[in-house]
S.K.: 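Mind having a look at this structure? Questions to follow.
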There are 4 protein chains.
Amino acid sequence: MAHEQHRQLIQTLHECMEACNHCYDACLKEEDVNMMAKFIRLDRECADICGFLEQALMRGSPFSSDLAAVCAKICEACGNECQKHDHEHCQRCAEACKEIA
Amino acid sequence: MAHEQHRQLIQTLHECMEACNHCYDACLKEEDVNMMAKFIRLDRECADICGFLEQALMRGSPFSSDLAAVCAKICEACGNECQKHDHEHCQRCAEACKEIA
Amino acid sequence: MAHEQHRQLIQTLHECMEACNHCYDACLKEEDVNMMAKFIRLDRECADICGFLEQALMRGSPFSSDLAAVCAKICEACGNECQKHDHEHCQRCAEACKEIA
Amino acid sequence: MAHEQHRQLIQTLHECMEACNHCYDACLKEEDVNMMAKFIRLDRECADICGFLEQALMRGSPFSSDLAAVCAKICEACGNECQKHDHEHCQRCAEACKEIA
């Protein structure tokens, strides 16, 4: 079945979504949220598209590859931003995003 | 703000999402669901991406145009299928999809 | 059909989702994002559940009333916070949330 | 962090979402889709709320427990239906749903 061919990608998306949501949550609790505004926005964009693609892959959507291309672009943007920042949650998020991209 | 520039598109997406969800609901109640399997699947794909793009536009996502390109492709596929079918809910869905595509 | 009985609620949810997403977007651009962290989080919670309930109503989900109860609670929390703040986007969001709640 | 307290639940939701999406996909390909209409609908309801709750838990949503209560109810309904059916994908889905409920 479709979702078995994509098991590895689904797992990677799941981890990226988790890292992005964690980073989003942690950024909103940082002392200087201002510096974090860009990450907060990108974390959400990234978590949302990862979750969307994950469901699409799981149900064998005929549009998975189109969605995957957009997802890779968003993950790359999010990873590039997050790696600029020292927080451990940002670094972990950056790695997860790069893995997808 | 971003969401005001896109007000017309947001409204059209909203109507398409409604038509697709209505068509999905109605197809699942038809006597011959077998004939409807393809529509059921496409209706869901289409409603989901319309809802996703709608939210992205509303929050000024920097990836709106990438998502819009995928959405247009899915709407076109859904519209092409639905127009083949006489049911009023399919015809309404086809029109709404074509409007987006 | 189910979605017609709920047309008024669907429209109100749509407007609330729009106000929340707009407020989220605007809060992330404010000079003092720190003050806004709580709104940013609630705006997202609220926009997400409104979008989810909207789709559920549109497809005649048998769980619409359970989802509506959770949605009302989240809208109330978001409206209560946003009304404390003078920004026009917060006030507009508060009103839309109260309308649902 | 919030998402770590809930790691086990997140994993179970992920597996349930996968089983439901797989069952949805497989039901749409069965010879007698008519018999499957109820499952197709419930599978989607269940996959959607599992995905929604998963994201909510990951981002430390203050409304996770309200969403979890609705999710448990939907999983129970889906599990009760799917267990009536012999298909291996339905049985697997039923087990995953019961696990959550």
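Chain identifiers are assigned alphabetically (A, B, ...) following the order of the sequence lines, protein sequences preceding nucleic acid strands; residue numbering begins at 1 within each chain. Model, not experiment: these values are computed from the prediction.
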S.K.: Quick one: CD on E45(B) to CZ on R59(A), what's the gap to the nearest 0.5 Å?
M.R.: 4.0 Å
S.K.: Taking side chain as everything from C-beta outward and backbone as N, CA, C, O, which of these in A77(B) sits under 4.5 Å from a heavy atom of chain A? Side chain, backbone, both or neither.
M.R.: side chain
S.K.: Which atoms of I49(B) come close to chain A, meaning under 4.5 Å heavy atom to heavy atom: side chain ones, backbone ones, both, or neither?
M.R.: both
S.K.: Working to the nearest 0.5 Å, report the span between CD1 of I74(A) and OG of S61(B).
M.R.: 6.0 Å
S.K.: Looking at CG of L67(A) and CZ of F52(B), how far apart are the two atoms once the value is rounded to the nearest 0.5 Å?
M.R.: 8.5 Å
